Undergrad: 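Provided herewith is a single structure, encoded as structure tokens, for subsequent inquiry.
These numbers come from a predicted model, not from an experiment. In this chain, numbering begins with 1 at the start of the sequence shown.
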Amino acid sequence: MLEREKRPYRVITPADFGINYLGTVYFTTEDFAQKNPEIVRNFVAAVIEGWQLTYADYSRAIPLISEYDPKNLSSDMVRFTLDKQKPVILPEGRRFAEYRKEDWVMTQKALLDQKLLPNVIDLDRAVRYDFLTSFYSGR
């Protein structure tokens, strides 16, 4: 909106201050993942394929997203948001959702510093990469 009105503004992002965080993160329980691996695999595939389609064709994606809430999601706003969030969802040199352990460590530290996470989590036990690896290796 500020751009449309030609008003100067400055965007302050956490990365400007050395704070990096992950994009949207999805959770499930280990029990569910063990009992329903195909559901988890399909969910991971759908999320990644959805982002791939979104960023591959703005001409189709933006109207679909805007239709969800036309009053608040103008095409300009959707385009602006997609452009700004892309580096978080698709880190440079990686594929969609391809986060590394250091990304998780930094996110955990930020959550602990802000007291949004009560305790340190054993990331080696909490984060599974096998569904992602399976997706990118062709299942």
Undergrad: Evaluate the side-chain proximity of Val127 to Tyr99: yes if any heavy-atom separation is below 4.5 Å, no if none is.
TA: no
Undergrad: Could you report the tightest heavy-atom contact between Asn72 and Met77, atom names first, then the distance?
TA: O-CG, 4.3 Å
Undergrad: Please check this pair: side chain of Tyr26 against backbone of Val44, looking for a donor-acceptor N/O pair closer than 3.5 Å.
TA: no
Undergrad: Heavy atoms, side chains only, cut-off 4.5 Å: are Arg125 and Glu30 in contact?
TA: no
Undergrad: Does Asn42 use its side chain to pair, donor to acceptor, with the backbone of Glu38 at less than 3.5 Å?
TA: yes
Undergrad: Given side chains that start at C-beta, do those of Phe96 and Tyr136 come closer than 4.5 Å, heavy atoms only?
TA: yes
Undergrad: Taking all non-hydrogen atoms of both residues, which atom of Leu90 and which atom of Arg95 are closest, and how far apart?
TA: CD1-C, 3.4 Å
Undergrad: Would you say that Val25 contacts Trp104 through its side chain, given a criterion of any heavy-atom pair below 4.5 Å between the two side chains?
TA: yes
Undergrad: Just how far is it from atom CD1 of Ile89 to atom NZ of Lys84, taken to the nearest 0.5 Å?
TA: 14.0 Å
Undergrad: Write down the atom of Ser66, the atom of Val78, and the distance for their closest heavy-atom approach.
TA: OG-CG2, 3.5 Å
Undergrad: To the nearest 0.5 Å, how far apart are OG1 in Thr28 and CZ in Phe131?
TA: 8.5 Å
Undergrad: Please step through side chain to side chain contact (heavy atoms under 4.5 Å, CB included) for the pair Leu132 and Ile48, ending with a clear verdict.
TA: CA-CA 9 Å; Leu132 188 64; Ile48 293 170; 3.5 Å; yes
Undergrad: With heavy-atom distances below 4.5 Å as the criterion, would you say the side chains of Arg100 and Asp103 are in contact?
TA: yes
